[in-house]
Structures are given as structure tokens and as C-alpha cells.
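Just so it is clear, the model here is predicted, and its values are computed rather than measured. Each chain gets a letter, A, B and so on, in the order the sequences are listed, and its residues count up from 1.
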2 protein chains.
Amino acid sequence: MQISKGVEWAAHAAALLNGLPPGRGLKAEALARFHDVPAAYMAKQLQALSKAGIAKTSRGAHGGYRLAKPADEITLWDITAAVDGKGPAFRCTEIRQNGPCGLKPEDCKRPCQIAAAFASAEQAFRDSLTAVSLADLAGQVVKDSEPDHLLAMMNWLNAEAEPLSEKSA
Amino acid sequence: MQISKGVEWAAHAAALLNGLPPGRGLKAEALARFHDVPAAYMAKQLQALSKAGIAKTSRGAHGGYRLAKPADEITLWDITAAVDGKGPAFRCTEIRQNGPCGLKPEDCKRPCQIAAAFASAEQAFRDSLTAVSLADLAGQVVKDSEPDHLLAMMNWLNAEAEPLSEKSA
DNA sequence: GCCTGACTACTCGGATACCTATTGTCCGAGTCGAACAGG
DNA sequence: CCTGTTCGACTCGGACAATAGGTATCCGAGTAGTCAGGC
């Protein structure tokens, strides 16, 4: 079981977007440079956030990304689902219907107990991630960080973040 | 995020092993045939169960597999971990230490909040699976199945299950 | 007739190919801003 | 000097390769039963 590396990047990127002043945006290249990851691949994750309605984009000159919603309405699960997909991790192939003692499909009204157990576990996983919003993360980061580091980040954001045009996708 | 297909096979195989009479065993080929899956790959999953101490094996003529522990001491998480690995699904690469505003390692005493959130979610996932034992599954299956189907399974087991030698790995 | 030994058949175990999904990259589509020409 | 148009540069978006991990397979290691030979 493995979660795409892009989820980590997208989560950190979203957290950074949350930190920039209102009306400002960051382009994909800047977000990638901040985290020192390949720009093109980071752009791919940002696209996913955009499609999911988590980030807004502006194209053209002075384009870039910014959050589409207040940080407290964006959960870690939203980001994970956007990048990694919403599909279940455990894919029941109904092998109980196979083989010499296979069940007939009409006898399978009850879901496979194994699949049901995994579905329940995945629900617990989702619930746990849904309980964490970007706003929570930002609060923790601010509380845990050294003051001079926060200052450095603010300076960097003010230098990189550009006002972007109002039109957005 | 995706769980290996082998987990499903291993779980069903373990459930079947739980159903056979004491002192009897099933060979990998029979377990594969019962579920209509490739024998060699099923054998691979059974090996994993064996290494994890969930199943006992006997080699040579009249060899085969049987459970190594009572069914109520074997959880779905045990099986999942045996086949899919115990490693975390979310792999934090500490990108917060990268880039122009990267944190110094000595400032990273606190774990990354994003990684911590995922660790917590995965713990919830594990807990949910740990709460389900093979014995629970067997009980549900018996309760949900048609009587004639149970009879067919018993007949098949009695035909295929052979007494296996006591020596085991 | 009984014991001993080796042989054979059968099964598991790990090492080996293949194939899908993740990872990483590129070029075209679209947009904005500025420069320029005309009024 | 102001305005409309054109051009150019910049950024996102989706299509295109490379690679790692899951999927599938095969052959060797090891064991138990069997059979033959000797006592």
C-alpha cells in the first residue's frame, strides 16, 4: 500500500499557498523551486488540485495559483483524493464467485465480509484525514517554527508572490 | 493508493484454511484452484503468510499449509501486513528541509505535521483491520451463506484436505 | 520376514521475467500586457 | 494625447517517455513415502 509522492508535494504546496497574502498568487515554477522538486511534475499535482476545485489558476502573463476556498474548508483528504484518486485501496474482485465452490451472483446480496472490513478501515482513514484542515496545519506550523524561519518565509513569499489577474479557472 | 491484489487472495485463503478439520492441510495448488487464481502467485502469498507466522507449512509429499494459530488470534491486519508490508503508506521525504527556506535538520525536532496527520490516519486504518479476526469472518460467512453452499464447501474440503505430516516450518 | 538404504515423486521456497501504474518530461493552447500605429 | 489593434512573452494544460513496484512464472531445495536388496 503506497500513497503517491505527489500527495506530499501537493499538501506542502497548498500549505504554502495558504500563507500568501490575499490577492497574490504563485506560479508552479516558484512552488517547485521553494520545495526543490521538478517543476513539471509539481505542475501536474497543481493541475489536480485545480481540477478538484481546491486551487484556482490564472493563465497567461502574471498567472499562477492560489487557493479557491478558505483554508478551513480544505482538508487533507480533499488533497489526497484530488491527487491520488478517490478509488478504494482494496479492490474486491469477488473471487468468492470463482472456482468449484463459487457462489452464484444471486447469492451475493451481502457484500464480501473481507471487502466490507477493508471498506470500513478505509472509511476510518478518510475520516481521520478529513478532520485535518489546511488551517489546522498552518496553525501548528506557526506554533512549532522558529521566529526567524517564519520571517524568512514571509520575505520569500513577498518577493515571489505576484498579484495575479482576477480571471481564473 | 492501492492494496496488492495478493492481500485479497491471502485473506480468502486464510479463511478457507480456517475451515478445514484439525490436522488436515491444503496444498498451494488446491487453494489456488479453489479460488481460480494462478497457482504460482498464490503460492507466493502463502509464503508470505508462512514467514509472518500465520500459516505453517509442511514440505515434501503430503505437504501443504495450515493455520499456525487459532483463528481468533489472526487479524486482517496481520494478513495485510504479511503480504503488503508494514511500511507506512505515506512516505515523508522531509521536503520542508529543501529549497531556499528549508529548515535546518536541527530545527526539525517536531515531526512534519502533514506526515503526522497521515500517520494518525494510517493508525486508524490499522486499528480497524486489527479489530477483525479470521474467526469473526468465519462466523459472518456461515451466517450469510446458503446451507447447500456450506455443504458443498465441506465436501470439497473433505475431498481435498489431506492429513499432513507433523513436521512444519 | 524384517531391517536398511537409496530412489522417486511430490511440495515448498526463492530467484527470475513481464506488465501496469507511478514518476518525470515535453510541447502546444490560451491569456495577458505592452508596444505601435492611427485618429 | 488617446484609443484600438497587433504582436510577443509568459503560464497553464494535457499528451508523451522512463522507471519502479506489483504481477506472474519457473526451476531448484527439501521431505516423505516406496521399493529393492541384504541379513
Side-chain angles (χ1 to χ4, degrees), chain A residues 1-10 13 25-33 35-52 55-66 80 83-85 87 89-91 93 160-169, chain B residues 1-10 13 25-33 35-52 55-66 68 80 83-85 87 89-91 93 95 160-169:
Chain A
M1 184 171 60
Q2 210 155 281
I3 292 178
S4 166
K5 208 185 291 186
V7 171
E8 183 187 12
W9 299 4
L26 281 174
K27 46 190 177 180
E29 182 273 336
L31 281 162
R33 186 153 36 82
H35 297 106
D36 193 23
V37 295
Y41 194 38
M42 171 61 91
K44 197 181 182 66
Q45 317 310 331
L46 293 170
Q47 270 180 53
L49 293 184
S50 175
K51 279 188 180 177
K56 278 185 182 175
T57 66
S58 299
R59 299 181 71 167
H62 297 282
Y65 291 92
R66 65 175 177 280
T80 305
V83 174
D84 211 48
F90 181 87
R91 301 153 291 170
T93 58
E160 293 286 341
E162 291 184 28
L164 37 73
S165 53
E166 274 314 303
K167 203 165 178 182
S168 56
Chain B
M1 184 171 61
Q2 210 156 283
I3 291 177
S4 166
K5 208 185 290 185
V7 171
E8 182 187 13
W9 300 4
L26 281 174
K27 47 190 178 181
E29 181 273 335
L31 281 162
R33 186 154 36 82
H35 298 106
D36 193 24
V37 294
Y41 193 38
M42 170 61 91
K44 197 180 182 64
Q45 318 309 332
L46 292 169
Q47 270 181 53
L49 293 184
S50 174
K51 279 188 181 177
K56 279 185 183 175
T57 68
S58 299
R59 300 181 70 167
H62 297 281
Y65 292 91
R66 64 175 178 281
T80 305
V83 174
D84 212 49
F90 182 87
R91 302 153 290 169
T93 58
I95 63 176
E160 292 285 341
E162 291 184 30
L164 38 72
S165 52
E166 275 312 304
K167 202 164 179 184
S168 55

To the nearest 0.5 Å, how far apart are [atom1] in [X] and [atom2] in [Y]?
X       : Y       : atom1 : atom2 : result
A:Leu26 : A:Leu31 : CG    : CG    : 5.0 Å
B:Phe90 : A:Thr80 : CZ    : OG1   : 8.0 Å
B:Glu29 : B:Met42 : CD    : CE    : 11.0 Å
A:Gln2  : B:Asp84 : CD    : CG    : 9.0 Å
B:Ile95 : A:His35 : CD1   : NE2   : 5.0 Å
A:Glu8  : B:Thr93 : CD    : OG1   : 3.5 Å

Do you know which two heavy atoms are closest between [X] and [Y], and how far apart they sit?
X       : Y       : value
A:Gly6  : A:Val83 : C-CG1, 3.8 Å
B:Ser58 : B:Arg66 : OG-NH1, 3.8 Å
B:Tyr65 : B:Ala28 : CE1-CB, 3.8 Å

Roughly, in whole Å, what's the span from [atom1] in [X] to [atom2] in [N]?
X        : N      : atom1 : atom2 : answer
A:Lys56  : C:dT31 : NZ    : P     : 16 Å
A:Glu29  : D:dT11 : CD    : P     : 8 Å
B:Glu162 : C:dC12 : CD    : P     : 11 Å
A:His62  : D:dG8  : NE2   : P     : 18 Å
B:Met1   : C:dT20 : CE    : C1'   : 19 Å
B:Arg66  : C:dC12 : CZ    : P     : 12 Å
A:Tyr65  : D:dT11 : OH    : C1'   : 8 Å
B:Gln45  : D:dG22 : CD    : P     : 11 Å

>> On DNA chain D, does the nearest nucleotide to A:Lys27 precede the nearest nucleotide to B:Asp84 from the 5' side, or the other way round? Give the residue.
In response: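 Final value for this comparison: A:Lys27.
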I want to check one thing: is the phosphate of [N], taken as OP1 and OP2, less than 4.0 Å away from some side-chain N or O of [X]?
X       : N      : answer
B:Ser58 : D:dT31 : no
A:Gln47 : D:dC12 : no
B:Lys51 : C:dG14 : yes

> At what angle, to 10 degrees, do the two end axes of the helix from C:dG1-D:dC39 to C:dG39-D:dC1 meet, given five pairs define each axis?
Replying inline: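 That helix has its two terminal axes inclined by roughly 0°.
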Please list each protein N or O that sits under 3.5 Å from an N or O in nucleotides 23-30 of chain D, with the distance.
{"residue": "D:dT23", "atom": "OP1", "partner": "B:Lys5", "partner atom": "N", "Å": "3.3"}
{"residue": "D:dT23", "atom": "OP2", "partner": "B:Ser4", "partner atom": "OG", "Å": "2.5"}
{"residue": "D:dT23", "atom": "OP2", "partner": "B:Lys5", "partner atom": "N", "Å": "3.4"}
{"residue": "D:dT23", "atom": "OP2", "partner": "B:Tyr41", "partner atom": "OH", "Å": "3.2"}
{"residue": "D:dA29", "atom": "N3", "partner": "B:Arg59", "partner atom": "NH2", "Å": "2.7"}
{"residue": "D:dG30", "atom": "O4'", "partner": "B:Arg59", "partner atom": "NH2", "Å": "3.4"}

>> Under 4.0 Å, counting only non-hydrogen atoms across every strand here, what does B:Ala28 touch: a base, just sugar-phosphate, or nothing?
In response: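 Counting heavy atoms under 4.0 Å across all strands, the contact made by B:Ala28 is with sugar-phosphate only.
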